[in-house]
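This report concerns only the one structure given below.
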There are 2 protein chains.
Amino acid sequence: MNIGEIARRAGVSRSTVSYALSGKRPVTEETKRRIQAVIDELDYRPNAAARALKEGRTRTLGLVIPPAGARLTDMQLGFVASVVEAAARADLDVLLSPSGGDHDRSFERIVSGRRVDGAILMEIRLEDERVARLQQTGLPFVTIGHTSNPHGTCWVDVDYGTLIARCVHHLADLGHRWIALINRSAELVAAGYGPAHRALAGFTEAAVQRDLRGITLTCGDDPIAGETCIEQLRQDHPEITAVVTLNEAALPGIQRGLERAGVRIPQDFSIAGVAARHWAEDFRPQLTAADVPTLEMGASAVDLLLERIAAPGAPARHLLLTPPISLRASTGPAPTR
Amino acid sequence: MNIGEIARRAGVSRSTVSYALSGKRPVTEETKRRIQAVIDELDYRPNAAARALKEGRTRTLGLVIPPAGARLTDMQLGFVASVVEAAARADLDVLLSPSGGDHDRSFERIVSGRRVDGAILMEIRLEDERVARLQQTGLPFVTIGHTSNPHGTCWVDVDYGTLIARCVHHLADLGHRWIALINRSAELVAAGYGPAHRALAGFTEAAVQRDLRGITLTCGDDPIAGETCIEQLRQDHPEITAVVTLNEAALPGIQRGLERAGVRIPQDFSIAGVAARHWAEDFRPQLTAADVPTLEMGASAVDLLLERIAAPGAPARHLLLTPPISLRASTGPAPTR
DNA sequence: TTGTACGCGTTATCAG
DNA sequence: CTGATAACGCGTACAA
């Protein structure tokens with residue numbers, strides 16, 4: 001079923017069918033109806049490749065996700081879902097590319113095969129070769145997360161440094177003097193993963209400001225690692241009375257570890273952090289935390305990208321979100337010994 | 001950068017460049033080298049739309065996922081990741097379509113806009129209009145899950161009925177006489193979600209065979225629902241000594257509920273089920289369960305789809321997996337009263 | 001409202 | 001056997 005066939009059956013020319021569909025030139029109601037009838041009957045839809053070839057755009061967005069080897073975290077999944085949904089609202093499709101570094105065939109197809117009108121990158125590192133590659137090709141793109149030198153790029157991110165610092169201040173206000181940061185995994189830190197580094201910086205600075213004893217440690221992104229991590233922490237540093245974390249996947253293990261040890265939250269021990277809302281609400285008692293607005297971030301990334309595609313020359317915009325910390329039940333006054 | 005530009009700079013014709021790249025006709029080594037040099041210099045890659053238009057195939061697979069409104073479960077995420085990875089191995093891209101029913105614009109673009117060479121559908125219901133729609137368009141497709149009348153369609157699924165029945169038999173062998181099935185959510189059951197219905201059937205049949213008192217209940221797909229569910233169950237049916245479940249997302253809540261009530265697993269209470277491996281291993285004590293092989297299933301779905309695209313007329317194949325039940329630590333002899 | 005050139009890669013056909 | 005020419009796939013939009 002191509003446009004010529006529709007034209008033939010409706011007794012008009014191909015261009016008339018095209019104009020009737022796009023509305024870019026007026027077409028008689030009567031003709032329009034006849035054409036529509038044929039289209040409905042044959043269930044015609046324009047060939048996407050032909051249209052893309054002619055228009056020079058694909059109506060498709062690329063979404064670069066971490067390779068499947070590493071299980072996607074809940075938060076990454078939230079971004080994927082919200083990006084796909086926001087794109088669908090704009091009648092755009094989303095092409096997935098699972099790629100870590102560059103030199104990846106799938107990534108190269110996306111960036112230089114003109115398969116997409118623009119791309120969204122996730123899991124940005126402080127130094128990220130994919131960003132450099134994208135800049136060099138000139139394909140419009142937006143990153144979720146930002147590099148150490150984000151000038152001139154479009155991005156949306158959560159201000160982990162500020163948020164973690166706020167958690168520290170909140171705990172300091174409650175009288176806690178010995179606080180630990182449970183960071184993301186050691187591998188991510190080693191790879192230069194932005195949120196982990198910025199959280200560490202925010203924690204350290206706040207601890208210094210409040211003259212706290214702060215200790216920092218990394219922890220795998222899963223409940224089992226969380227459980228061993230909190231056990232180890234309480235053994236090595238029994239003086240610690242509060243924890244700050246951005247490692248949501250470890251939360252169930254942290255909770256289990258504390259519960260097993262008979263530690264009451266928040267009477268004996270406080271915990272606060274940054275996490276998607278459902279992680280905070282699944283925690284017992286519910287976690288005082290800044291809720292990462294994945295839905296909003298994905299939608300904003302798509303908005304920013306569409307702007308950039310429409311006006312590639314316009315100055316790069318970005319969005320640094322600092323969601324409020326929701327006071328729930330996991331933080332309380334420091335225990336008096 | 002188009003093929004004509006490359007040809008011009010290399011001092012040959014467009015067709016020679018094409019043949020040099022595809023190898024479908026011999027080209028002198030010398031010419032080939034010159035062409036390759038220009039391509040490398042300009043970082044040329046053929047325009048995907050033009051190629052798709054000419055070849056009549058897009059080198060793209062469609063993956064229809066549940067709409068983002070309902071948070072994707074871990075298992076669904078596993079399918080997405082494994083499908084994307086398997087497709088990347090075959091140098092295919094994956095186009096995502098978040099659609100529930102049909103009449104969905106994104107779904108329609110996929111199935112009738114010739115944007116993909118084939119599609120993979122997830123979250124199949126016993127009666128699924130999307131499957132009917134796909135059959136009517138003739139686009140090759142494979143489903144993860146199967147309808148109540150899967151004849152003539154390609155699919156890959158886990159045999160929930162048999163697996164849940166095996167769990168029941170295992171528990172019956174251990175002397176349990178009062179067993180409950182914690183099913184997926186009531187909404188999914190009402191929507192005719194296959195795994196929920198087949199699990200129910202398998203449970204009921206096994207319970208009858210072993211002359212057990214079986215009670216069945218639905219439970220939301222999250223820890224909080226799991227916790228209230230298990231509390232309710234123990235209150236309404238204190239005689240229950242074992243639970244079978246396929247609701248992996250509820251597991252953390254089930255565990256927490258039992259732990260809070262001071263119920264020891266497996267001394268006082270046994271639990272078994274079907275779940276992705278990490279859910280089973282995160283459970284305390286580790287869960288006796290059939291591990292759903294999402295990685296293998298996603299890869300198989302892609303294989304099946306590629307076969308089907310290559311030979312659309314061939315008889316439809318399917319794969320019904322019955323992974324072994326891994327005996328871990330959550331099941332033991334029924335307590336003697 | 002219609003005829004037609006165009007976008008770009010592929011491949012059948014023809015010439016050397 | 002190598003290289004070039006031209007037609008084709010299909011929707012769009014300008015000129016008529």
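In the text below, chain A, chain B and the rest are named by the order of the sequence lines, each starting its count at 1.
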From CZ of A/R25 across to P of D/dC14 the rounded distance in Å is 7 Å
Rounded to whole Å, CD of A/E5 lies from P of D/dG9 at a distance of 13 Å
Under-4.0 Å side-chain N/O to phosphate OP1/OP2 contact, A/S18 with D/dT12 | yes
Legend entry - Any donor-acceptor N or O pair under 3.5 Å, side chains A/S15, A/S18: no
Note to self: I'd like to know whether A/D93 forms a side chain to side chain donor-acceptor pair (under 3.5 Å) with A/T60, so could you lay out the CA-CA distance, the side-chain angles of the two residues, the decisive distance to 0.1 Å, and finally the verdict.
What the structure shows: CA-CA 5 Å; A/D93 290 312; A/T60 304; 5.0 Å; no
Here the salt bridge (Lys or Arg N to Asp or Glu O under 4.0 Å) pairs for residues 48-64 of chain B, sequence neighbours left out, are B/E55-B/R57, B/E55-B/R59
note: B/K54, atom NZ; D/dA6, atom P; distance rounded to Å ~ 16 Å
Those residues at least two apart in sequence (or on a different chain) that pass ring pair (Phe, Tyr, Trp, His ring centres under 6.0 Å) with B/H197 are none
inquiry  = For A/R114, is the CZ atom crowded, meaning more than 12 foreign heavy atoms sit under 6.0 Å from it?
reply    = yes
Next item on the list: State whether A/T16 places a side-chain N or O below 4.0 Å from either non-bridging phosphate oxygen (OP1 or OP2) of C/dT2.
Entry: yes
Item to complete: Look at the side-chain N and O atoms of B/K24 and state whether any lies under 4.0 Å from the OP1 or OP2 oxygen of C/dT11.
Response: yes
Sorted by number, residues from residues 29-49 of chain A placing a heavy atom under 4.0 Å from DNA chain D are A/Y44, A/P46, A/N47
Among the nucleotides D/dT12, D/dG3, C/dT2, whichever has the atom closest to the side chain of A/I3 is D/dT12
Practice item. Inspect the contact between B/D40 and B/R33 and indicate whether a charged nitrogen and a carboxylate oxygen are less than 4.0 angstrom apart. Key: no
Answer yes or no: does a side-chain N or O of B/R51 lie under 4.0 Å from OP1 or OP2 of C/dT10? yes
Checking C/dT2, D/dT12, C/dG7 against the side chain of A/L53 (C-beta onward), the nearest is C/dG7
inquiry  = If only side-chain N and O atoms count, and only distance matters, is there a donor-acceptor pair under 3.5 Å linking A/E127 with A/T147?
reply    = no
**Message:** Distance criterion of 3.5 Å, no angle test: do you see the side chain of A/R14 paired donor-to-acceptor with the base of C/dG3?
**Reply:** no
- Message: Any side-chain N or O of A/S15 below 4.0 angstrom from OP1/OP2 of D/dG11?
- Response: no
Among the nucleotides C/dG7, D/dC10, D/dA4, whichever has the atom closest to the side chain of B/Y19 is D/dA4
Whole-Å distance, B/R115 CZ to D/dC10 P, equals 16 Å
Counting the atoms with a prime plus P, OP1 and OP2 as sugar-phosphate, which does B/V17 contact under 4.0 Å by heavy atoms, base, sugar-phosphate, or nothing?
nothing
Has B/T28 got a side-chain N or O lying under 4.0 Å from the OP1 or OP2 atom of D/dG3?
-> yes
